[in-house]
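Quick caveat: nothing in here was measured; it's all calculated off a predicted structure. Heavy atoms only: backbone and side chains are in, while hydrogens, waters and symmetry mates are out.
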Number of protein chains: 2
Amino acid sequence: MTPGKRYASSTDVARLAGVSQSAVSRSFTPGASVSAETRRKVMAAADALGFRPSIIPQIMLTNRSGLVAVIVGGLRNAFYGAVLERFATRLRDAGHQVLLVPVESDYSLDTVLEELRSYRVDAIVSGLAVLSQEVADALSAFRIPIVSCNTSVTSDWVASVDSDNRGAGRVAAEWLRRCGGTRFAYLAGPEESPASRDRLDGFRAGLAALGLGEPRVVIGDYSYDGGRAAAARLFAEAPADAIFCANDLVALGAMDAIRKRLGLRIPEDVMVIGYDDIPSAAWDSYDLTTFDQDPEGLVVQALDLVREMSENGPARGRVRVVEARFIPRGSTRNPTP
Amino acid sequence: MTPGKRYASSTDVARLAGVSQSAVSRSFTPGASVSAETRRKVMAAADALGFRPSIIPQIMLTNRSGLVAVIVGGLRNAFYGAVLERFATRLRDAGHQVLLVPVESDYSLDTVLEELRSYRVDAIVSGLAVLSQEVADALSAFRIPIVSCNTSVTSDWVASVDSDNRGAGRVAAEWLRRCGGTRFAYLAGPEESPASRDRLDGFRAGLAALGLGEPRVVIGDYSYDGGRAAAARLFAEAPADAIFCANDLVALGAMDAIRKRLGLRIPEDVMVIGYDDIPSAAWDSYDLTTFDQDPEGLVVQALDLVREMSENGPARGRVRVVEARFIPRGSTRNPTP
DNA sequence: TTGAAAGCGGTACCAG
DNA sequence: CTGGTACCGCTTTCAA
């Protein structure tokens, strides 16, 4: 790569303004003691040279870069887009810069972390779940505040913000039952996803509490195509009439398979519930009953954890749970009283 | 905030290893001349201290931060998510870090740019169109390579990568005509969007070339709700049977309005064409005829422009055009021979 | 209020 | 191959 262009430095400005370099620095420091006349001269020279103080030397002095890394694992799902945008906006409003880090799995995390460390990032927020205690401990060794979403594993420097996945699973079971469901099924996400597992756990618990048996479970991959395929597999074996899906994309794929391929009606023949409340869920063609994960709350809690750890240091086992709001729509029937 | 000496320095490592600080630096520089023994001692000490060279002093020396800012204006549209993810992945593969900057309009751009400059970002990629020559010139004054998408305005340091919007508009006109369309309409994006305007220009030109009159135009906002509302307004005035939409979200909203609210059939009564080929366009419920903007090509061209400007400096008026691939699906009828 | 000088943590060049 | 030293650009003492 090319040498790198030279920027005007405070020394250049000082020379042009006929003052000391310190005076220039002070002119750009709010509340520093500079005479109005000196500041005027400095600002004039700065404008002429297009000078703006570099933040790099500051980082060297303070070890605080103002950089917060946000790790995402695929933006295909509109829900992650929404969350990412909120993170970015709020972090910038709080005076931070956002380093976007796309990764494929949590195993590449420690490699990536090495880089982030060399940039002296102040904290890391991960939309990707940390899967094992080993990884969590490895991350913790970097002594940087890390907040992960929908992870049950924590460590000294690794905290978590979870949606109330279990609670939502129970609500789904109860609602489907009240609306007349009899043959229950769960279309899961990837096997290793803690969120998908927790939603299933809650669904199971809810059914059990109602004296109902185990739901049938089909493993999928959090995608539309996966949902379509999972629904096909489900019905190839035996029909179901009350399906809870690991997320909205899966639910939408399942709905299309059920209506277009199997020729069944929703909600008359089959009821479907999703998770996330992505924009498409509300579209006329789907009108999907789902859970609003409260991305705003998720982001607020995550950033609050970051702040807390930055100020007070490590905090083993910190987990915040954000309520999921149930949104009944037309993909489920009305409850019978 | 606590500054805290969180990081071990090369001096710390040198002391522990009983060598000079220079030796530590060399041990971490590929191809530097260090004896195996010295390197071993250094690495042992570095491991013990959790040392990793900071990149900050390097930035000071070279004026190259490795940071590339990516500006996005809303991730609601899945297309932007796909583009952003590609940018991020490719930039990281090329050894850069990605600074994510969400902005509302191009007018906030120069404020944001001040910050980016203090971080010594190497280049800026913007998914947001630059709207006026004034803004382009203001941006150019920062003397940082800037590549913007779907912008017709360029300047010394501002280049652009455009989808072939006009060409696609013509293709849409021809296809709708060949499939028996008679009453043409365009559901536009925001009035100031160059991409939306170019697509309309091409659509108009295509119709004119076929000896057909002006399409009716309804202004919208690139969203699903906007598309639904626009379709309602269009039909409230008079029916249409061949509708080209500024993007897929608008098209999907229009389709739902046409089918669910107006009770018309697609494609028998009304044909619809979109733009972007977002995932939802291929879903069974829509099966939308559209144009693939070739996000991969867009990203490759944009990054190539960045590289070119970084190496050769300003390049007034550089514009790259990426072909859009037409994808006929079920929202248009079959062409009559 | 002002200027001189130290120091942050690396890289690169020097002499040995 | 090795250690000493200058240097990047800023903030922050310290003395004047």
Side-chain angles (χ1 to χ4, degrees), chain A residues 1 3-43 45-46 49-66 114-115 117-121, chain B residues 1-43 45-46 49-66 114-115 117-122:
Chain A
M1 275 292 184
K5 163 187 39 199
R6 202 169 115 59
Y7 292 82
S9 71
S10 55
T11 313
D12 300 332
V13 176
R15 189 167 20 224
L16 181 59
V19 299
S20 74
Q21 182 270 334
S22 319
V24 177
S25 176
R26 277 191 285 260
S27 298
F28 278 89
T29 306
S33 63
V34 212
S35 71
E37 172 59 8
T38 301
R39 165 171 271 132
R40 197 195 51 71
K41 282 192 293 189
V42 166
M43 290 308 179
L49 266 43
F51 168 79
R52 183 105 219 285
S54 167
I55 203 173
I56 308 297
Q58 263 193 73
I59 300 178
M60 248 178 53
L61 269 329
T62 60
N63 277 320
R64 305 197 82 256
S65 62
E114 290 280 319
E115 282 175 37
R117 232 167 72 94
S118 78
Y119 273 87
R120 299 297 188 248
V121 298
Chain B
M1 290 275 179
T2 22
K5 168 128 177 133
R6 212 171 11 211
Y7 299 93
S9 71
S10 57
T11 313
D12 300 332
V13 175
R15 190 167 20 223
L16 181 59
V19 298
S20 72
Q21 183 271 335
S22 316
V24 177
S25 176
R26 276 190 287 259
S27 298
F28 279 90
T29 306
S33 62
V34 211
S35 71
E37 173 58 10
T38 301
R39 166 171 270 132
R40 198 195 50 72
K41 281 193 293 190
V42 166
M43 288 311 178
L49 267 44
F51 167 79
R52 183 107 216 287
S54 166
I55 203 174
I56 308 297
Q58 262 192 74
I59 300 177
M60 252 178 51
L61 267 330
T62 61
N63 278 319
R64 305 198 82 258
S65 61
E114 290 281 321
E115 283 175 36
R117 232 167 72 95
S118 79
Y119 274 87
R120 299 298 188 247
V121 298
D122 296 336

request  = Output yes when a side-chain donor or acceptor of A/R120 lies under 3.5 Å from a complementary backbone atom of A/R64, and no otherwise.
outcome  = no

Identify each atom pair where a protein N or O and an N or O of nucleotides 3-6 of chain C are less than 3.5 Å apart, giving names and distance.
from: C/dG3; atom 1: OP2; to: A/S20; atom 2: N; distance (Å): 3.2
from: C/dG3; atom 1: OP2; to: A/S20; atom 2: OG; distance (Å): 3.1
from: C/dG3; atom 1: N7; to: A/R26; atom 2: NH2; distance (Å): 2.8
from: C/dG3; atom 1: O6; to: A/R26; atom 2: NH1; distance (Å): 3.3
from: C/dA4; atom 1: N7; to: A/S22; atom 2: OG; distance (Å): 3.3
from: C/dA4; atom 1: N6; to: A/S22; atom 2: OG; distance (Å): 3.2

ask   = Does B/R39 reach the side chain of B/V42, with side-chain heavy atoms less than 4.5 Å apart?
value = no

request  = Enter the inter-axis angle for the ends of the helix from C/dT1-D/dA16 to C/dG16-D/dC1 (five pairs per end, rounded to 10°).
outcome  = 50°

task = Determine the sole option in B/V34, B/T38, B/V13 for which the side-chain contact (heavy atoms from CB on, under 4.5 Å) test with B/V19 is passed.
result = B/T38

remark   = Between CG of B/N63 and C1' of D/dC7 the distance, given in whole Å, is 13 Å

request  = Find which nucleotide of DNA chain D each of A/T29 and B/P57 is nearest to by heavy atoms, and output the residue with the more 5' nucleotide.
outcome  = B/P57

query = What does B/L61 touch in the nucleic acid at a heavy-atom separation under 4.0 angstrom: a base, only the sugar-phosphate, or nothing?
reply = base

message = Tell me if a side-chain donor or acceptor on B/S10 pairs with a main-chain N or O of B/V24 at a distance below 3.5 Å.
response = no

A/Q58 CD - D/dG9 P separation (whole Å) = 15 Å

query = What heavy-atom pair brings A/V121 and B/Y7 nearest, and what distance separates the two atoms?
reply = O-OH, 3.8 Å

remark   = Contacts of B/A32 and B/R120 projected onto DNA chain D by closest heavy atom; the upstream (5') one is B/A32

task = Mind calculating the distance between CE (A/M60) and P (D/dT12) to the nearest angstrom?
result = 14 Å

Side-chain atoms of residues 51-61 of chain B: list all donor-acceptor pairs with protein atoms under 3.5 Å, sequence neighbours left out, distances to 0.1 Å.
from: B/R52; atom 1: NE; to: A/E114; atom 2: OE1; distance (Å): 3.1
from: B/R52; atom 1: NH1; to: A/E114; atom 2: O; distance (Å): 2.8
from: B/S54; atom 1: OG; to: B/I56; atom 2: N; distance (Å): 3.1

message = Need one value for B/S33: base, sugar-phosphate or nothing, where a base atom within 4.0 Å counts as base even if backbone is also close, heavy atoms only.
response = base

query = Below 4.0 angstrom from OP1 or OP2 of D/dT2, is there any side-chain N or O of B/S35?
reply = yes

request  = Give one of base, sugar-phosphate or nothing for B/F51, where a contact means two heavy atoms less than 4.0 Å apart.
outcome  = sugar-phosphate

query = Once you round it to whole Å, what is the distance between P of D/dG3 and CZ of B/R15?
reply = 15 Å

query = When all nucleic acid strands are considered with a 4.0 Å heavy-atom cut-off, which category describes A/V24: base, sugar-phosphate, or nothing?
reply = nothing

message = Rounded to whole Å, how long is the line connecting atom NZ of A/K41 with atom P of C/dT2?
response = 8 Å

